[in-house]
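Right, one structure below, let's go through it.
These numbers were taken from a predicted model, which means no experiment stands behind them.
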Amino acid sequence: MWAHRTGEFSMYKRMSPRDYTVVADVEDSSVVSHSIPDQETTNPSWRLSFPHVLAATISAFLFGYHLGVVNEPLESISFDLGFNGNTLAEGLVVSTCLGGALIGSLFSGWIADGIGRRRAFQLCALPMIVGASISATTTTLAGMLLGRLLVGTGMGLGPPVASLYVTEVSPPFVRGTYGSFIQIATCLGLMGALLFGIPVREIAGWWRICFWVSTVPAGILALSMMFCAESPHWLYKQGRTAEAEAEFERLLGGAHVKFAMQELSKLDRGDESDVVHFSELFYGRCFRVVFIGSTLFALQQLSGINAIFYFSSTVFKNAGVPSDLANVFVGIVNISGSVIAMVLMDKLGRKVLLLWSFFGMAVSMGLQVVAASSNMLGSGTLYLSVGGMLMFVFTFAIGAGPVPGLLLPEIFPSRIRAKAMAVCMSVHWVVNFFVGLLFLRLLEQLGPRILYTIFGTFCLMAVVFVKRNVTETKGKSLQEIEIALLPPE
């Protein structure tokens with residue numbers, strides 16, 4: 001599956017960026033009076049890009065694993081490290097990771113543009129290995145918090161780079177399917193952490209093994225990136241045209257290289273040396289797409305998904321279901337929805353999945369509101385609570401979960417793509433933090449009925465926002481999407 005990184009065996013003549021620009025301009029201005037070449041009408045083999053995408057999704061698996069790794073072992077960790085019963089310290093063990101993730105996501109765009117996508121993945125794996133090792137060997141709370149902070153920086157760096165990489169190396173006809181792999185890998189990581197943490201109550205010190213285990217996929221990620229293709233889009237922006245051609249040949253096949261390079265030349269001239277300033281993301285012609293991306297991530301978190309995950313064990317406990325079994329139920333529903341999204345992403349499109357996903361989440365919240373009503377008593381309330389919660393997780397997984405991470409790199413222009421993703425992911429983490437911080441307090445002061453009504457309202461707002469602002473990107477090249485969304489300069 002892994003080809004050599006050198007392009008010395010290429011069977012076609014290399015062309016400069018200027019040559020491709022001239023060819024593209026001539027072809028655009030000419031009248032097509034004959035059949036279009038095969039490479040423009042046939043799809044490249046998905047098998048060529050598949051192993052590269054699969055390696056990139058290891059970062060998403062690690063993201064999910066570290067999100068759930070302390071859930072089961074937290075009580076044992078607090079007992080062994082001497083802060084048992086200290087809810088503030090327990091909260092810090094969980095939330096310090098989120099603080100690190102915010103830091104990592106803030107710098108992810110500049111790192112991905114500065115050193116490339118492959119090296120950004122390797123840099124992402126480093127703090128995950130070091131941080132997990134510190135957490136696994138520490139005997140103090142301070143050591144645990146340091147380890148969680150380092151792991152968090154890797155978690156913040158990984159997802160936006162994974163979204164960028166998968167978007168840029170995938171053929172258009174399977175880009176949605178490949179983008180769904182990120183969500184599936186995250187779900188598998190979460191389930192893996194929950195299942196691996198089950199023996200923690202029977203085996204002393206098992207929580208240390210839980211941290212050690214995470215260093216294995218992190219090491220595999222760093223190693224596998226040595227053999228993966230670099231993003232041709234990034235190489236072309238750096239003026240490294242010959243290398244971009246070689247990577248396109250590995251990802252698409254030699255017959256599709258010329259057309260792919262001509263597509264790049266329509267917008268990227270390969271000689272852009274100017275720096276993207278932070279202010280450009282909030283003013284001028286790029287503001288609209290950055291606003292759409294940031295709002296989508298904000299609405300994703302304001303829908304209450306993390307609050308639902310947090311509160312799910314309580315709902316199942318009231319229904320008489322053990323917490324371990326409850327976690328398995330939620331995980332299975334989450335993965336099932338993600339797999340369905342993978343199948344439908346390139347058939348129905350991103351916008352349709354987003355619309356029905358947010359609408360289904362609003363209906364699910366309506367069921368939760370009815371269940372929380374004082375007029376409903378007995379087993380009917382429990383069935384509505386459990387059913388509404390599982391329906392919410394399922395509908396989230398088929399659209400609102402996987403689509404934003406795929407859609408945003410598609411709609412962002414190549415020049416600002418990495419930095420715009422960094423800004424949007426930072427919005428994601430900030431809103432995520434405040435929802436987690438305020439959820440229990442709001443639940444106590446407002447009650448579940450009002451709080452779930454608020455979450456449902458945000459879901460309906462998301463439906464309206466998607467309907468009015470999101471453009472369908474299914475089957476289109478990144479250059480076609482950019483031309484459609486951005487006004488001319």
Would you sort out whether Trp429 and Phe63 count as a ring pair (Phe, Tyr, Trp, His ring centres under 6.0 Å), showing the intermediate values? CA-CA 13 Å; Trp429 284 112; Phe63 176 80; 5.7 Å; yes
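- More than 12 heavy atoms of other residues, nucleotides or ligands lie within 6.0 Å of CZ in Phe465, so this atom counts as buried by the packing criterion.
- Contact check for Ile340 versus Phe394: side-chain heavy atoms found under the 4.5 Å cut-off.
- Under the side chain to side chain contact (heavy atoms under 4.5 Å, CB included) rule, Thr57 has a single partner from Thr186, Leu221, Ile182, which is Ile182.
- Side-chain contact between Val69 and Ser214: absent, with no pair of heavy atoms (C-beta onward) separated by less than 4.5 Å.
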Is there a side-chain contact (heavy atoms from CB on, under 4.5 Å) between Cys459 and Phe396 once you walk through the steps? CA-CA 10 Å; Cys459 291; Phe396 173 84; over 6 Å; no
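- Annotation: salt bridge (charged side-chain N to carboxylate O under 4.0 Å, His left out) contacts involving residues 170-198, sequence neighbours excluded, comprise Arg175-Glu410.
- Only one option out of Trp46, Tyr165, Tyr178 pairs with Val53 in a side chain to side chain contact (heavy atoms under 4.5 Å, CB included); it is Tyr178.
- Between Phe458 and Phe455, the gap from one ring centroid to the other reaches at least 6.0 Å.
- Within a 6.0 Å radius of CZ in Phe291, other residues, nucleotides and ligands contribute 12 heavy atoms or fewer.
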Before you tell me yes or no, could you show the steps for Ile209 and Phe196 under side-chain contact (heavy atoms from CB on, under 4.5 Å), namely the whole-Å CA-CA distance, both residues' side-chain angles and the distance that decides it to 0.1 Å? CA-CA 9 Å; Ile209 304 297; Phe196 205 80; 4.0 Å; yes
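- Taking the side chain as every heavy atom from C-beta outward, Met226 and Gln122 approach each other to under 4.5 Å.
- Inter-residue side-chain proximity for Thr167 and Leu406 is flagged as met; some heavy-atom pair is nearer than 4.5 Å.
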